[in-house]
Structures are given as structure tokens and as C-alpha cells.
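Encoded as C-alpha cells, the structure appears first; notes follow it.
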Amino acid sequence: MRLLFIHSDHLEFEVTEEIGDLAEHEGVPLDGRMEDCAVTFITVESADADDPDAVVTNAATEIRDVTGQLQTSRVVLYPYAHLSDDLAPPDVAKAVMQALEADIGTDHEVLRAPFGWYKAFEVRCKGHPLSELSRHVSGHDEEEEAPESTADREPSEWHIMTPDGELHDAVGAKSDVSDDMQAFIGDEVEDVQASPGEEPPHLAIMRDKELVGYDDMSDAGNLRWYPRGKLVRDCLMDWVDDLIVDYGGMPVETPIMYDLGVRAIDEHAGKFGERQYRFESGDRRMMLRFAACFGQFSIMHDMYITENDLPLRIYEMSTYSFRREQRGEVVGLKRQRAFTMPDMHTATRDMDQAREELERQAKLSLSTADDLGVNYEPAIRMTRQFFDENEAWVQELVADFDKPSLIEVLPTRHHYWSAKVDFAVIDSLGRPMENPTVQIDVESAERFGIEYHAGEETYHPPILHYSPSGSIERVTGAILETAAKQEIPRFPTWLSPTQVRFVPVRPDLHGEACEVMADQLEEADIRADIDDRDESVGKRIAGAETDWVPYYIVVGDREVEGDTLGVNIRAEDDELEMTLDALIEHLEEELDAFPRRSRYLPMHLSEHPQFV
RNA sequence: GCCUAGGUAGCUUAGCGGUAAAGCGCGUCCUUGGUAAGGACGAGAGCCCGGGUUCAAAUCCCGGCCUAGGCUCCA
């Protein structure tokens, strides 16, 4: 709701013409005048329809605040549609105006102008500094969200469950768990602030290595990827796609924008308050998706699903999803306003199948930690009721993870999920980054009209939300944070923009030999380049080190004339004599399970432009 | 969104009322190199944007934007 206050010597109005069939005829005067009053022009907006009572209460508080400041007890409530372009339905607006009159009327003299009329009016503003004020009121801030906020919720119970099924007090168990889990407990349970004031190291790395940057011409939290970073990103996306298709997910692609005029969209979106990008397109109000739920639910809604189709797994790499996070929450690769999330939704027959799928999907994520070179700490969060009914299953889950797991038991359900598993990477400052997550959604099937058919009956399936890796940005961040903790910071070889680099001692004499070998590597789908810049050998080796090239080879007369190469293995800080074929064989083995992409930058470093 | 700190060359930073600096990168030349950075010279700056104070503002003040930290938030 928008409010415009004018502290006036007087206001006078009379109706001129009815607007459609909206006009109010009873309970309000069709003309009137009030002296020395706070004139309040009011626009009721679409979001107010979610909870009109709360909006009225909040608006009344604002009006009392203003009349208090203006030291007046006379108020004009004047419906005025022109303060916003996002109006509530007329019947809602009318009801809000009436309720507001009833509320304010208890301690003010109120003149309310009728809704649904063109009106002539005259107003004289007093002109002092406080005489013109505008306010924005919503149903959420003061009335709804605040009491719902975590601070006022009944606190969760926290435990550590060990793989043997024993439940321990979370804080008490700290001495028996890994450093990462200790940091996780510190952050989640004890509210410890790790490394306060320090900037996460991945920020410097993403710039220095020419991976990712900010763009001043866009909004905060919208990143741009340079070729080296784009290659890492694309490889990660290929990898997740392969993982999920192999698992049984069926890829789709769905729209990124949705019409807020559709009831289910508006209801669902309304729950997320201000955290969306919204815009007008022609005469439609649209929003950008904040996950792939909408599009995939829409597909499921339109499908004829039978019992035999379950579990039905619909998957999408959501380039992009948008969340207009608060400015202070947007940080580098940890949180953005536009991000890419692999998102799968699985419709299941019943809670038994939902639990079974959740377990398999969670295990799948956990098993990928080695591929990414990161460590995951598990957390299982659920309602008291879910835990009481499923304790044995939770024990089985933790035994399956084979890692002590953080257990959060929420006294009541606050979210759409009743149970949720997530995996956190602990960054180099000791702060958790939540990455993969899988949740059991017990609400959405009904809201979106998703059903499956079994015999004569139809049922709403429990639906799992699953992000097998977490957002691609956050995965990249987690890999960089993990690198920052390593003695020799590096990417896994399959993600390295350059996998093998040749350093010709004399580019004019040894460059050609390098090219022949680089071509041979590329034929085997290995990314190779040649540092042919006119720089000293020492400097170019330093370059291979700072570019985190996993394998690099100095090529001079000895190599050109001999059979073997001195291959520097960066991760091991070691040099091994081997033939090119042996190197290719070694890399084939190392890269076997991973996506292969060609170089994004020219083979010769002398041709690389500077992006940063 | 609120609070704190910062925004100076392509990058990282110094300067903090009085002629704008350094390192890296870039260009030219010398060096023709063997496992972590050879030398010389040179180009390159509406000092974030808009107002104000002052004889004089990158420097002080106010507002805005951006970045980070903290709070809150993370469906």
C-alpha cells in the first residue's frame, strides 16, 4: 500500500461520475469538506491482497504515527489509484478502505471519500517541512514476517548423529568430529562468527585468474564469465547434466518468466515477498523465476501421469534463476541475484518412495565430492513429527553417508518441506556454503494441481526438490575456496582451462615441435597450449604455476632430439620423465569419467588478450 | 534493507587541502634464454558520480552509485 499525506488547511471533494460498476454508494458521503486535517491519499496494491488485515493494521499504525507528528486528530482517507501501477483488485481495495476507516475511526475524526468515482477535489497544503510525506506499507514486514522470522521461532534442537545411529548433543560432540564439521556446528548451532571481517579468498582468485567478474552495467550480483571461467562453468554444467541423465533425470527447458496474473504463480510468488525481479510487459505483470519449480510443475500439471511413471524425474539446468537478494547478502560466488542452478523435481508415489528417492539422491551428491575435490559435511533437517515417525530411517541415512551428520529438529514446519538434506562445503575462513540439497515437498502438488492416476483413483504425489550440486556459481566458489586451503592451490585436472602447457626454450627453434605435440594432445581431447611469448624460460614457468596448469613441459634441444619429456606435475611438485604417449595415456585415465571440452583461448599464449 | 570501511592508470595499491605516485600489466629496444618472474626506455589518470565549503578539493562536508565486512535474510 502506498500512502501520500498532505497536512492541509482544508480538503473539499464531490463526486462527478461513476467508474464502471465499482462505485460505492452506501456508508460514505458523496461530497464533503474537512478543515485542518491530514489528507491521506491511498493506493492499495496487488501484494496487499495476500493479507488485507495485516495491511490495514500496519497502515493504521503509520497514519497514527503521522497524525501524532502533525498534532491533528482529523484524517481524510482518499482512495487514489495513481501512486502505484500495481493495483489490488477493486473489491479488495474497497474492503481495505472500509476497514481502515473503522480502525482509524476509533480515535480520530475521519472523512472517507467514496471508492469507484471520479471526483473533483480541492486541497490546500500547509507547506511546512512535514506537511508532505509518503509511506509504503506492506502486510509482511511488521505483522507477518517479523513474528515468523527465525528470531521468534521456537529454537531447533541440534544433534550430531554418528554412523552407528547414536544421537549426541551437537556442541558436546565437537571434539569427536572433523574440523569442517566443528566449523559447521560453530556456525549453525553456536552462532560463532568465523574469521570476522575477512574477505573470502575466492574473490581475489576469481579476478586474478581471469575467471569471473562483476559488471557495472548490470545489477549487483549479475556476474560475467571470461573465457577461462566460462570453460570451468561449462564443464561443470556438462558434468551435472551427465550425472543426472545417468541417474534417470529427464532434461527439459522451461521459461524464465511467468505471468503474475495466473493464480498459482501469484500465490506461490507472493510467499517470497520482495525477493524477485518483477516488471511490466505490455499490460501484464511478470516475474523472473527464482528456481525451475514453476516450469517443471507446469509440465507435471499438464502431463497424464500414471503410477508406473513414478518416480518421475524432471531436470533442468536453470540458466538463469533470479532472486533479488538484499544488497548486503550478495557476495562474489557465494550468493548472486542471477545464478545457474541444476534443479530436478521428482514426483513420487508416497512417502515411502519419497524417502527412498531422497536417500538415493543425497547419496549421489555425496559421492561426487571427490570429482569436485571438495569435502561435504551433511546436515539433515526435519520437523519434530517427521523425526519421531522416521528415526530408524534417519539412522539408515546417516549410516549410508558414513559421516557424522548434523541433525536439526524443528518444533513446527515453517517451510514447504518436511525433511531436507543439505551438504555444506566449509570455506577457507571456516564459514559454510550450502551446496547440494534435496527436500521433500508436501504442499506443491496440491497447489499446482499435479496428480497421478492409479487404477480409478488419483493422488497428489509428494515431490522432491533436488539440486545435485548446488548452484554452478557456488560450486565454483567452493572449488576456489578449497583451492585456497591447499598447499598447492589448483583445479581438478578435468576443470583446468589448460591441462598441458608447452614452454619452448626458444619459440623460434622449438615452437614447431611443441605444435606437433599439442595437436596430438588435442586429438585426444586434452586441452594444450604453448607459451611462445618472448619471455625468459623462468618467467614462463612461473606463468604456468600461477595459471595453475596441472602438467607443463619445457621443450628445448634435448626434448626435440630425445624420446622423452620432463613433465612437471604441479600437484605433486615433481618432474617425471615420460614419453608423450605415456602422458596421453595417463591423462586419458585421469579424465576418463569427465566431460571433455576444447580450449576457449588460442593455442599460443602470445595471442591471448588480457581480460582483466 | 540497516550499520561500518573502501572506491586514485587495464589490475593491486600509496598519497589525504597547494605541480598525481609505485609495482604488475601494456608498447619499443636490448638480451636468444633450460625449471617461480633479465635489463633499459616509453605510453597510460574526467583521482566513482552529483552538489557544497575554500584563494585552492583526489584530499574536507552532504547526497547517490558500486564493492567488501557485520546485522538481517537464504522460500
Side-chain angles (χ1 to χ4, degrees), chain A residues 136 138 140-141 145-146 148-152 188 191 193-204 207-210 213-222 268-276 289-291 293 321 323-332 334-337 339 413-417 420 422 424 429 431-434 437 439 441 443-444 465 470-471 474 488 501 503-510 531 533-547 549 552-560 565-570 573-575 608-612:
Chain A
H136 187 192
S138 77
H140 304 294
D141 300 344
E145 266 177 27
E148 269 297 302
S149 89
T150 46
D152 295 323
E188 290 266 351
D191 243 357
Q193 226 181 72
S195 317
E198 279 187 66
E199 178 174 304
H202 80 264
L203 297 172
R207 184 192 53 239
D208 292 348
K209 308 290 177 206
E210 291 199 327
Y214 303 120
D215 190 336
D216 291 341
M217 293 188 165
S218 183
D219 189 18
N222 285 251
H268 200 54
K271 299 187 101 180
F272 308 123
E274 306 277 298
R275 300 173 53 236
Q276 305 155 36
R289 67 176 176 193
F290 42 76
C293 307
S321 288
R323 300 181 189 186
R324 229 184 59 93
E325 303 288 4
Q326 296 186 80
R327 183 58 204 89
E329 296 158 3
V330 174
V331 180
K334 286 194 131 182
R335 200 180 318 180
Q336 301 79 39
R337 284 183 173 173
F339 60 100
R413 186 156 70 85
H414 309 288
H415 310 290
Y416 62 79
W417 48 266
K420 168 183 201 262
D422 54 73
L429 300 178
R431 306 172 191 165
M433 302 171 83
E434 184 192 309
T437 177
Q439 304 153 6
D441 177 350
E443 292 183 349
S444 291
H465 297 243
S471 82
R474 217 178 256 186
I488 300 175
R501 174 165 298 167
V503 179
V505 175
R506 287 266 309 264
D508 54 338
L509 299 180
H510 312 117
D531 193 347
R533 293 173 305 164
D534 185 21
E535 298 288 354
S536 68
V537 172
K539 184 160 178 176
R540 286 178 287 153
I541 286 163
E545 290 285 343
T546 53
D547 283 351
V549 178
Y552 61 89
I553 302 160
V554 178
V555 177
D557 290 341
R558 291 204 293 271
E559 287 73 17
V560 171
L565 304 167
V567 179
N568 292 273
I569 301 168
R570 206 178 144 262
D573 192 19
D574 196 11
E575 181 176 338
H608 286 200
Q610 233 186 298
F611 283 91
V612 177

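Order of the sequence lines fixes the chain letters, A, B, ..., with proteins taken first and strands second; residue numbering starts at 1 for each chain.
- Taking the C1' atoms as reference points, B/rG50 lies 32 Å from B/rA43, given to the whole Å.
- Under the 3.5 Å distance criterion, the side-chain polar atoms of A/Asn568 are matched with a main-chain donor or acceptor of A/Tyr552.
- Listed candidates were B/rG1, B/rG69, B/rU35. Nearest to the side chain of A/Gln326 is B/rG1.
- Here, B/rG27 and B/rG64 have their C1' atoms 39 Å apart, quoted to the whole Å.
- Rounded to the nearest 0.5 angstrom, A/Arg558 CZ and A/Leu565 CG are separated by 11.5 Å.
- Each of A/Pro507 and A/Pro200 lies near RNA chain B, and the nucleotide nearest A/Pro507 is the one positioned closer to the 5' end.
- Pair assignment for B/rC71: B/rG1, on the basis of Watson-Crick or G-U wobble contacts that are both within less than 3.5 Å.
- Because its glycosidic torsion is more than 90° from 0, B/rG50 is reported here as anti.
- When the P atom of B/rG70 is taken as reference, atom CD of A/Glu325 falls 16 Å away, rounded to whole Å.
- Checking B/rG34, B/rG69, B/rG70 against every side-chain atom of A/Val554, the shortest atom distance belongs to B/rG34.
- Between the CG atom of A/Asp531 and the P atom of B/rG33 there is a distance of 17 Å, rounded to whole Å.
- Of all heavy-atom pairs spanning A/Glu443 and A/His415, the tightest one is OE2-O, 4.3 Å.
- Among the protein residues, A/Gly538 comes within range of the sugar-phosphate backbone only, with heavy atoms under 4.0 Å from sugar or phosphate atoms but none that close to a base.
- Annotation for A/Pro200 and A/Val331: closest pair CG-CG1, 4.4 Å, computed over non-hydrogen atoms.
- As a whole-Å value, the separation of A/Phe339 CZ from B/rC74 C1' is 10 Å.
- Across the C1' atoms, B/rC26 and B/rA56 are found 35 Å apart, a figure rounded to whole Å.
- With respect to A/Pro507, the side chain to side chain contact (heavy atoms under 4.5 Å, CB included) criterion is satisfied by exactly one of A/Arg533, A/Arg540, A/Glu535: A/Arg540.
- Side-chain to base pairing of A/Glu329 with B/rG70: no donor and acceptor N or O lie closer than 3.5 Å to each other.
- If you check every strand for non-hydrogen atoms under 4.0 Å, A/Val567 touches nothing.
- Contact between the side-chain N/O atoms of A/Ser536 and the OP1/OP2 oxygens of B/rG38 is found at a separation under 4.0 Å.
- Atom CD of A/Glu535 is separated from atom P of B/rU35 by 17 Å (rounded to the nearest Å).
- When Watson-Crick and G-U wobble pairs are counted only if both distances are under 3.5 Å, B/rA57 pairs with no nucleotide at all.
- Among the atoms of the strands shown, only primed sugar atoms or phosphate atoms (P, OP1, OP2) are found under 4.0 Å from some heavy atom of A/Val537.
- Pair check for B/rG46 finds none; no Watson-Crick or G-U wobble contact set falls under 3.5 Å.
- Considering only side-chain atoms of A/Asp557, the nucleotide from B/rG69, B/rC66, B/rG34 that sits closest is B/rG34.
- Remark: the A/Glu199 side chain and the B/rA68 base include no donor-acceptor N/O pair separated by less than 3.5 Å.
- Taking atom C1' on both B/rG25 and B/rU54, the two are 39 Å apart, rounded to the nearest angstrom.
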Could you list all N or O pairs between the protein and nucleotides 2-12 of chain B that sit under 3.5 Å apart?
residue, atom, partner, partner atom, Å
B/rU12, OP1, A/Arg207, NH1, 3.3

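- Here A/Lys420 pairs with A/Glu434 in a salt bridge; the nearest charged N to carboxylate O distance falls below 4.0 Å.
- What separates CG of A/Leu565 from P of B/rU35 is a distance of 16 Å, to the nearest Å.
- What separates CG of A/Asp574 from P of B/rA36 is a distance of 14 Å, to the nearest Å.
- Within the nucleic acid shown, A/Val331 comes within 4.0 Å of sugar-phosphate atoms alone, with no base atom in reach, counting heavy atoms only.
- A/Glu575 comes within 4.0 angstrom of a base, heavy atoms only.
- Only the P atoms considered, B/rG23 is 11 Å distant from B/rC41, to the nearest whole Å.
- A close approach under 4.0 Å does not occur between any side-chain nitrogen or oxygen of A/Arg431 and OP1 or OP2 of B/rC74.
- Among the atoms of the strands shown, none is found under 4.0 Å from any heavy atom of A/Ala291.
- For the residue pair A/Phe290 and A/Gln276, the shortest heavy atom distance occurs at CD2-CG, 4.1 Å.
- Minimum atom distance to the side chain of A/Lys539 is reached by B/rG25, of the listed B/rG25, B/rA68, B/rC71.
- Rounded to a whole angstrom, the distance from the P atom of B/rC16 to that of B/rU53 is 25 Å.
- Taking atom C1' in both B/rA14 and B/rG6, the straight-line distance is 14 Å, to the nearest Å.
- Between A/Glu198 and A/Leu429, the closest heavy-atom pair is OE1-CD2, 3.5 Å.
- Taking 4.5 Å as the limit, every side-chain heavy atom of A/Asn222 sits out of range of all side-chain heavy atoms of A/Asp215.
- Across all strands shown, B/rC29 forms a Watson-Crick or G-U wobble pair with B/rG39, both key distances being under 3.5 Å.
- Side-chain contact between A/Arg431 and A/Lys334 is present, with at least one heavy-atom pair separated by less than 4.5 Å.
- Atom CG in A/Asp215 sits roughly 18 Å away from atom P in B/rC65 (whole-Å rounding).
- A/Arg474 comes within 4.0 angstrom of no nucleic acid atom, judged by non-hydrogen atoms across all strands.
- Counting only heavy atoms from C-beta on, A/Thr546 has its side chain closest to B/rA36 among B/rG34, B/rA36, B/rG70.
- When the C1' atom is compared between B/rU72 and B/rU13, the two are found 33 Å apart, to the nearest whole Å.
- RNA chain B is contacted by both A/Arg506 and A/Arg335; A/Arg506 maps to the nucleotide lying nearer its 5′ end (nearest heavy atom per residue).
- Phosphate proximity of B/rG69 to A/Gln193: absent, as no side-chain N or O sits under 4.0 Å from OP1 or OP2.
- Heavy atoms of A/Glu210 sit nowhere under 4.0 angstrom from any nucleic acid atom.
- If you check every strand for non-hydrogen atoms under 4.0 Å, A/Leu203 touches sugar and phosphate atoms only.
- Taking a pair to require two hydrogen-bonding distances under 3.5 Å in either a Watson-Crick or a G-U wobble arrangement, B/rC24 pairs with B/rG10.
- One atom, CZ of A/Arg275, and another, P of B/rU72, lie 15 Å apart when rounded to the nearest Å.
- Separation of atoms CG (A/Leu203) and CG (A/Asp208) is listed at 10.5 Å; rounding is to 0.5 Å.
- An OP1 or OP2 oxygen of B/rA68 is reached within less than 4.0 angstrom by a side-chain nitrogen or oxygen of A/Tyr214.
- Atom-to-atom distance recorded for A/Arg474:CZ and A/His202:NE2 is 10.0 Å, nearest 0.5 angstrom.
- For A/Arg324, the listed nucleotide lying nearest its side chain is B/rG1; candidates were B/rG33, B/rG1, B/rA37.
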